[in-house]
Amino acid sequence: MYLYLSLIFTIFGVVVSLSTTKTKEDVRIVGGEDIDITEAPYQVSLFKRGRHSCGGSIIANDIIITAAHCVVDTIPRDYLVRVGSSSTQRGGELYPVGDLIWHSNFTYLKMDSDVALLWLTKPIQFREGVAPIEMLKQGQEIQDGDIAKVTGWGNLREGGGYPSTLQMVLVPTVSSRDCSAAYSAMYSITSTMLCAGVPEGGKDACQGDSGGPMAYDGKLAGVVSWGLGCARPNYPGVYAKISALRNWIDESTTLLRRRHPQTLFQFKILDKLFKL
Ligand SMILES: *[C@@H]1O[C@H](CO)[C@@H](O)[C@H](O)[C@H]1NC(C)=O
């Protein structure tokens with residue numbers, strides 16, 4: 001998430017400045033714990049011009065899913081994807097991004113359909129700590145209150161502090177009715193959004209986690225998208241909802257692969273030229 005600081009500061013600056021809710025200071029992802037990449041082997045770090053910018057998830061050996069707001073109006077060359085490391089700085093393997101696509105309904109104003117796909121110029125080699133995650137199917141709903149697993153290298157608290165190791169937090173999903181009620185004055189919670197959080201706050205994704213995975217029962221259920229601040233009481237985190245966007249994901253995966261019919265030939269050449 002989180003766009004939200006910058007986004008809401010700009011658009012809803014008044015609301016934010018009037019808000020006096022407190023954040024917990026002694027917490028991670030926010031409110032999570034260190035994990036090893038083998039516990040979330042689908043997690044990737046999106047490296048933009050040399051620094052971690054967003055999270056993402058491996059959904060196939062050539063496709064990464066992330067948030068639209070992470071990549072909108074940028075070009076593939078801006079990115080490298082780090083897989084197989086618990087750190088954003090070292091270890092694992094780096095893969096160049098050859099193409100990207102974001103959902104055409106995404107706008108910063110509404111944050112609807114906040115999902116994007118990256119196509120890699122070289123297929124990912126799966127191993128321990130590097131594996132794809134299955135996604136929920138279109139229309140496959142999870143229950144309100146189901147516990148989701150959110151991971152990333154985002155801020156440990158609102159406004160600062162990056163972890164050196166991957167963080168994980170467990171948060172219950174929140175009904176869209178309750179989530180809409182929480183955000184009614186600012187944003188509408190659309191059918192492509194899924195909310196999660198605890199009423200007392202203290203557990204959430206935060207800036208730098210955007211684009212990363214929310215998993216339920218080992219399947220991708222959401223993509224970290226936005227929220228008001230991080231881990232504030234009564235403001236759940238908001239995620240792009242895979243079960244509402246799955247058709248777009250499948251169609252766009254096909255589209256990306258069709259744009260690169262020479263892929264197999266390229267892989268062979270690249271293998272010879274670079275040790276990526
Ligand atoms: C964009 O949003 C409109 C209105 O909700 C919807 O009918 C349309 O299917 C969406 N487009 C895509 C590509 O999902």
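Counting convention: from 1, in listed order, for ligands and their atoms alike. Sequential numbering from 1 along the given sequence is applied to the chain's residues.
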Nearest-neighbour protein heavy atom for atom 13 (C) of ligand 1, which is reported as residue plus atom name and distance: His103 CE1, 3.7 Å
Counting non-hydrogen protein atoms only, what is the nearest one to atom 1 (C) of ligand 1? Give residue, atom name and distance. Asn105 ND2, 1.4 Å
Less than 4.0 Å between atom 5 (O) of ligand 1 and some protein heavy atom, yes or no? no
Answer yes or no: is there a donor N or O on one side and an acceptor on the other, between the side chain of Thr173 and the main chain of Gly145, under 3.5 Å? yes
CD (Glu39) with more than 12 external heavy atoms under 6.0 Å: yes
Apply salt bridge (charged side-chain N to carboxylate O under 4.0 Å, His left out) to residues Arg127 and Glu93 and explain how you reach the verdict. CA-CA 11 Å; Arg127 58 168 174 81; Glu93 295 88 42; 2.9 Å; yes
Assess the residue pair Arg246 and Glu251 against the criterion (salt bridge (charged side-chain N to carboxylate O under 4.0 Å, His left out)); give the C-alpha distance rounded to whole Å, side-chain angles, the decisive distance to 0.1 Å, and a yes or no. CA-CA 9 Å; Arg246 180 67 198 266; Glu251 285 159 18; over 6 Å; no
